[in-house]
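Worksheet for the structure shown next.
Chain naming here is simple, since letters A, B, ... match the order of the sequence lines and numbering starts at 1 in each.
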Amino acid sequence: MRLATWNINSVRLRVPLLQQMVAEFAPDVICLQETKTADEFFPHDDMAAMGYDHRVIWGQKSYNGVAILSRLPLTDFQKYDRCGKADCRHISVRLPDGTVLHNLYIPAGGYEADVKINPKFQHKLDFVDEMTAWWPLQPKGKKILVGDLNIAPLEHDVWDSKKMQRVVSHTPEEISRFSAMQKSVGWIDVAREFTPHDEKLYSWWSYRAADWDAADRGRRLDHIWVTPELKDRLRACITPRTMRHWKPPSDHVPVIVDFKD
DNA sequence: ATGGTCGATATTCGA
């Protein structure tokens, strides 16, 4: 099984890019974030035409929104309010082998890394804390967590860790919470199983850079985690940087994992 | 030290 996660930054605008992605990588399951559309406008026909007959979506006008497209049957679709908001950031399904797949879009957290003046940063920290407490309450068994987690935890998940200490996505406050969530049920960071920790690895580059490729001030914000039962089934994981060159690009590229059957 | 760009939408907000 091949599984992709991608912050697509408007699913309606980027149907052609999704088609190109499917032509090149042919994932069996695709998890999307920031679909940015109400469910009634979701481009179901385009997805069905690519063979994704099984789809679950949870979107709203303009902001956030998550979706799972699959060639495999999906059951037990659930939507989760987080931090008391029904803001379309977390859904889950069960795959045919029983694995529960969670698709998350953690809040970006605004600009100032200071909860006293930035409620969005507080929301982000609260969201991660809520998830940390929630995972151990879930039934035991195989789980996959994917999504735009909006935190780059490791030194080489950002272009300059020292310079980014007070930049939202790489602050100690976020990273300590991120680590606590990871430890909650022993989540395995799949991309770093295949790319050494001392090697730079990014999934996002700002739209604002004059030349994102040359500047290469990226961050690894998008993640695939699995519970330990699935570790032996991991075969490969790629983050296709080349997709950041496709037009018109999302500011994120997918992370794609292959599982042994 | 500053400003730079997107997308959805409405002339601003969130990233």
Side-chain angles (χ1 to χ4, degrees), chain A residues 5-21 31-44 46 57-67 81-90 103-115 117-128 146-153 157-160 162-171 173-174 178 202-223 239 241 243-255:
Chain A
T5 179
W6 188 23
N7 179 322
I8 196 168
N9 189 16
S10 171
V11 69
R12 284 189 287 177
L13 183 71
R14 253 173 277 284
V15 163
L17 235 68
L18 187 64
Q19 290 166 333
Q20 197 177 343
M21 194 269 262
C31 297
L32 299 175
Q33 304 87 35
E34 282 210 87
T35 52
K36 290 189 170 177
T37 187
D39 291 346
E40 59 190 304
F41 302 123
F42 193 87
H44 280 290
D46 295 310
I57 64 174
W58 192 27
Q60 63 184 20
K61 185 176 173 179
S62 300
Y63 304 114
N64 312 332
V66 286
D81 291 9
R82 292 288 165 216
C83 300
K85 301 171 194 281
D87 56 354
C88 310
R89 293 179 179 276
H90 181 192
N103 183 12
L104 261 79
Y105 175 50
I106 290 181
Y111 181 71
E112 293 283 349
D114 181 350
V115 297
I117 57 173
N118 177 11
K120 293 198 199 80
F121 191 56
Q122 184 72 62
H123 179 215
K124 182 179 197 176
L125 299 181
D126 289 346
F127 192 109
V128 180
V146 307
D148 177 3
L149 306 187
N150 264 316
I151 295 171
D157 293 340
V158 295
W159 67 281
D160 187 323
K162 281 208 173 90
K163 287 195 172 69
M164 297 233 354
Q165 284 300 299
R166 294 315 304 162
V167 175
V168 171
S169 72
H170 195 64
T171 64
E173 298 96 309
E174 292 164 273
F178 191 87
Y202 311 138
S203 64
W204 173 91
W205 294 262
S206 172
Y207 282 128
R208 297 182 192 183
D211 184 341
W212 69 271
D213 200 7
D216 202 19
R217 296 185 172 186
R219 305 178 198 173
R220 188 169 70 105
L221 303 178
D222 302 273
H223 299 268
T239 307
R241 178 186 177 111
M243 275 187 61
R244 187 62 175 74
H245 287 288
W246 295 2
K247 304 293 179 200
S250 169
D251 44 355
H252 296 252
V253 298
V255 184

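Taking atom NZ of A:Lys124 as the reference point, atom C1' of B:dG14 lies 13 Å away to the nearest angstrom. One interatomic measurement links the two molecules: CG of A:Asp211 to C1' of B:dT5, which rounds to 14 Å at whole-angstrom precision. Separating the CG atom of A:Asn150 from the C1' atom of B:dG14 is a distance of 11 Å, rounded to the nearest angstrom. Straight-line distance from the CG atom of A:Asn118 to the P atom of B:dC13: 15 Å, rounded to whole Å. Atom-to-atom, CD1 of A:Ile106 to C1' of B:dA15 comes out at 15 Å; the value is rounded to the nearest Å. The interatomic distance linking A:Asn64 (CG) with B:dC13 (C1') rounds to 12 Å, in whole Å. At whole-Å resolution of the value, CG in A:Asp87 and P in B:dC13 are 18 Å apart. The distance from atom CH2 of A:Trp204 to atom P of B:dC6 is 13 Å, rounded to the nearest whole Å.
A:Arg12 has no side-chain polar atom (N or O) that falls below the 4.0 Å cut-off from OP1 or OP2 of B:dG7. Side-chain nitrogen and oxygen atoms of A:Lys120 include at least one within less than 4.0 Å of the OP1 or OP2 phosphate oxygen of B:dG14.
Contact annotation: the side chain of A:Val168 approaches that of A:Lys124 to within less than 4.5 Å [non-hydrogen atoms, C-beta and beyond]. Side-chain contact check for A:Asn150 versus A:Pro107: every heavy-atom pair is 4.5 Å or farther apart. Residues A:His252 and A:Thr5 form no side-chain contact, since every pair of their non-hydrogen atoms from C-beta on lies 4.5 Å or further apart.
B:dT11 and B:dG7 are spaced 15 Å apart, taking the C1' atom of each and rounding to whole Å. Distance noted for atom C1' between B:dT12 and B:dA1: 26 Å (whole Å). Taking atom C1' in both B:dA15 and B:dT9, the straight-line distance is 15 Å, to the nearest Å. Taking the P atoms as reference points, B:dA10 lies 14 Å from B:dG14, given to the whole Å.
With distances taken from any side-chain atom of A:Asn9 to the nucleotides B:dT9, B:dG7, B:dA15, the minimum falls on B:dG7. The nucleotide whose nearest atom lies closest to any side-chain atom of A:Glu34 is, among B:dC13, B:dA15, B:dT5, B:dA15. Checked against B:dG14, B:dA15, B:dT5, the side chain of A:Lys36 finds its nearest nucleotide in B:dG14.
Checked against the 6.0 Å centroid criterion, the rings of A:Trp212 and A:His245 qualify as a close aromatic pair.
Not one N or O on the side chain of A:Tyr202 forms a donor-acceptor pair closer than 3.5 Å with the backbone of A:Arg217.
Along DNA chain B, the nucleotide nearest A:Pro248 and the nucleotide nearest A:Gly109 are compared for position; the residue whose nucleotide lies closer to the 5' end is A:Pro248. Checking A:Leu13 against A:Tyr63, the closest nucleotide of DNA chain B that is more toward the 5' end is the one next to A:Leu13.
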Sort me out a list of protein N/O and nucleotides 2-4 of chain B N/O pairs below 3.5 Å, or just none if empty.
unit_1, atom_1, unit_2, atom_2, d
B:dG4, O6, A:Arg208, NH1, 2.7

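Residues meeting the salt bridge (charged side-chain N to carboxylate O under 4.0 Å, His left out) test with A:Arg82, sequence neighbours left out: A:Glu130. With sequence neighbours excluded, the residues that form a side chain to side chain contact (heavy atoms under 4.5 Å, CB included) with A:Tyr63 are A:Gln60.
Heavy atoms of A:Arg89 sit under 4.0 angstrom from primed sugar atoms or phosphate atoms, though from no base atom. Here A:Tyr105 lies in heavy-atom contact (under 4.0 Å) with sugar-phosphate atoms only.
A salt bridge is absent between A:Asp114 and A:Arg166: the closest approach of a Lys/Arg side-chain nitrogen to an acidic carboxylate oxygen does not fall below 4.0 angstrom.
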